[in-house]
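Along the sequence shown, the residues carry numbers beginning at 1. Values below: every heavy atom of this structure, side chains too, minus hydrogens, waters and symmetry copies.
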Amino acid sequence: MKPATVSLPLFIACLLFAAMGFPPAARPQTDAAAKSVTWKQVALAILKFNDEAPKSWNIYHTEKRGWILVRLWKRYLLISLQDEEVYDIDPQTLTPKGDALVWTEPEIPEQPIYISGWNQRDVGPFRRLRFRFGKEGHVLELQLPLRPDGRPMY
């Protein structure tokens, strides 16, 4: 008995028709939801702007260590603790969700904000981070809690 032979163009056409027959829900979804980042509030943090407490602020952390998000009035600043860089984030890409924020389009800008005088040191149960915007600009100071063993919490 001789096996049936199928021409290659006919086989490819059948595969294409079969693939097009699946509903869109059966195809893999885009990972836009997987790319979103959830930021949670930092408990017991302190923020000073020019040595005074601003009226409207908050500090957030994510699962990835070394990144802090600061809300200062209507402005959001993404701070890389390892690289000592600060980025301005578009507030329209952040969505409040209870006490957390969801960053729906997590793209770090190409150019960081120019800062000077980066100073980071441990002060009791806190890690103090202080820097200046520009050479003669405003000073931002963050105090983030440390673990009981002295290691950074965020």
CD-CZ distance between Gln143 and Arg127, expressed to the nearest 0.5 angstrom: 12.5 Å
Partners meeting salt bridge (Lys or Arg N to Asp or Glu O under 4.0 Å) with Arg132 (sequence neighbours left out): none
Between Gln111 and Tyr87, the two heavy atoms sitting closest are O-CD2, 3.9 Å
Side-chain polar contacts of residues 61-69 - donor-acceptor pairs under 3.5 angstrom, sequence neighbours left out - could you list them?
unit_1: Thr62; atom_1: OG1; unit_2: Thr38; atom_2: O; d: 3.3
unit_1: Arg65; atom_1: NH1; unit_2: Pro152; atom_2: O; d: 3.1
unit_1: Arg65; atom_1: NH1; unit_2: Met153; atom_2: O; d: 3.2

Would Arg75 and Asp88 count as a salt bridge (Lys or Arg N to Asp or Glu O under 4.0 Å) if you check the C-alpha gap in whole Å, the side-chain angles of each, and the deciding distance to 0.1 Å? CA-CA 8 Å; Arg75 189 175 187 181; Asp88 204 3; 3.4 Å; yes
Working note: Phe133 + Leu77, criterion side chain to side chain contact (heavy atoms under 4.5 Å, CB included); need CA distance, chi angles, decisive distance, verdict. CA-CA 12 Å; Phe133 292 98; Leu77 303 171; 3.8 Å; yes
Count I, L, V, M, F, W, Y as connected when their side-chain heavy atoms are under 4.5 Å apart, and connections chain through other members. Are Val42 and Val86 then in the same cluster? yes
Is there a side-chain contact between Leu72 and Leu47 (heavy atoms, below 4.5 Å)? yes
Do side-chain atoms of Ser116 reach the backbone of Gly134 as a donor and acceptor pair under 3.5 angstrom? yes
For the pair Asn50 (side chain) and Val139 (backbone), establish whether a donor and an acceptor sit closer than 3.5 Å, ignoring hydrogens and angles. yes
Can you pull out every side-chain hydrogen bond (donor to acceptor under 3.5 Å, both in side chains) where at least one residue sits in residues 144-154? Sequence neighbours excluded, please. none
One pair to check against ring-ring contact (aromatic ring centres under 6.0 Å, His included): Trp103 and Tyr76. What are the steps and the verdict? CA-CA 11 Å; Trp103 192 10; Tyr76 288 90; 9.9 Å; no
Separation between CD of Glu84 and CG of Asn119, rounded to the nearest 0.5 Å: 9.5 Å
For Ile59 versus Ala45, what's the shortest heavy-atom pair and its separation? CD1-CB, 3.8 Å
Please determine whether residues Val70 and Leu81 belong to a single hydrophobic cluster, defined as Ile, Leu, Val, Met, Phe, Trp and Tyr linked transitively by side-chain heavy-atom distances below 4.5 Å. yes
Could you tell me which non-hydrogen atom of Ser36 sits nearest to which non-hydrogen atom of Thr104, and how far apart they are? CB-CA, 4.2 Å
To the nearest 0.5 Å, how far apart are OG1 in Thr93 and CD in Glu107? 9.5 Å
Classify the angle between the aromatic ring planes of Phe131 and Trp118 as parallel (below 30°), tilted (30 to 60°) or perpendicular (above 60°). parallel
Of all heavy-atom pairs between Trp73 and Lys55, which one has the smallest distance, and what is that distance? NE1-N, 4.2 Å
Is there a path of hydrophobic side-chain contacts, each under 4.5 Å between heavy atoms of I/L/V/M/F/W/Y residues, joining Leu101 to Ile108? yes
Co-membership, hydrophobic cluster, residues Phe49 and Trp57, 4.5 Å side-chain: yes
Side-chain heavy-atom pair Leu140, Ile115 within 4.5 angstrom cut-off: no
Can you get from Tyr60 to Leu129 by hopping between Ile, Leu, Val, Met, Phe, Trp and Tyr side chains that sit under 4.5 Å apart? no
Minimal non-hydrogen separation, Leu146 against Gly124, with atom names: CD1-O, 3.9 Å
Going by heavy atoms in the side chains, are Ile89 and Leu94 under 4.5 Å from each other? yes
Point-to-point distance, once rounded to the nearest 0.5 Å, from CD of Gln41 to CZ of Arg71: 8.5 Å
